[in-house]
Amino acid sequence: MADISVRTNEGGSGVVVAGLVLAGIAGLIHVYIFYLESVVWTGARARAVFGTSREEAEVTRQLAFNQGFYNLFLAVAVVVGIVAYAVGAHPVGATLVFVGAGSMVAAGLVLLLSAPSKASAALKQLLPPLLAVVALAAGLSLG
């Protein structure tokens, strides 16, 4: 039978913590994106962030509302993973953080590749979770 446990000894624990903190930051960014897309999409702030006119915002309101919830669900997965890891459910916690943060990275890459003019937004969306995934993987491999 394969050993699926996640080892954590002193060797990688600081790097694991750094990965979890970075994942938490990524989660907060995605909660903010949820707020912009699903709560205040047609407002001046969201329109300025996303570069949309009032008319474009009204036409795309339902799409943005739905997309915002995708961002929220990714953030929830990461937060639940961090909590699970913190209470000792290391395999479950790490898996949830990898899935949530990895999906954030993938979504950021899709934005970067499909709309190069939005590179700044894409990098803000994908760098924190990418760093989280790398740090968590490194920390777990050291442990």
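Reckoned from all heavy atoms, side chains included, excluding hydrogens, waters and symmetry mates.
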Here the pair of heavy atoms bringing A57 nearest to T52 is CB-OG1, 4.1 Å

Under 3.5 Å donor-acceptor pairs involving side-chain atoms of residues 68-80, not counting sequence neighbours:
from, atom 1, to, atom 2, distance (Å)
N71, ND2, E37, OE1, 3.0
N71, ND2, Q67, O, 3.2

Quick one: side chains of residues 21-32, donor-acceptor pairs under 3.5 Å with protein atoms, not counting sequence neighbours, listed by atom name and distance.
from, atom 1, to, atom 2, distance (Å)
H30, ND1, A26, O, 3.0
Y32, OH, R45, NE, 3.4

Interatomic spacing from OG in S13 to CG in L142 - rounded to 0.5 Å = 10.0 Å

Are side-chain heavy atoms of F98 and V133 found at a separation under 4.5 Å?
-> yes

Do any pairs count as a salt bridge (Lys or Arg N to Asp or Glu O under 4.0 Å) and have a residue in residues 59-74, sequence neighbours left out, and if so which ones?
-> E58-R61

Spell out, as yes or no, whether a donor-acceptor pair under 3.5 Å connects the side chain of S141 to the backbone of A138.
-> yes

Does L36 share a hydrophobic cluster with F65, counting links as ILVMFWY side-chain heavy atoms below 4.5 Å and allowing steps through other members?
-> yes

According to a 4.5 Å side-chain heavy-atom criterion applied to Ile, Leu, Val, Met, Phe, Trp and Tyr, with indirect links allowed, do L123 and I33 form part of one hydrophobic cluster?
-> no

Between G108 and L126, which heavy-atom pair has the shortest distance, and what is it?
-> C-CD2, 3.5 Å

Atom pair CD (E56) and CH2 (W41), whose distance is rounded to the nearest 0.5 Å | 9.0 Å

Identify the two heavy atoms, one from A84 and one from G93, that lie closest to each other, and give their separation to 0.1 Å.
-> CB-CA, 3.7 Å

Taking C-beta and beyond as the side chain, do L96 and Y85 meet within less than 4.5 Å on heavy atoms?
-> no

Does any non-hydrogen side-chain atom of L111 lie less than 4.5 Å from one of Q125?
-> yes

Per side-chain contact (heavy atoms from CB on, under 4.5 Å), L136 is matched among V15, L131, V16 by V16

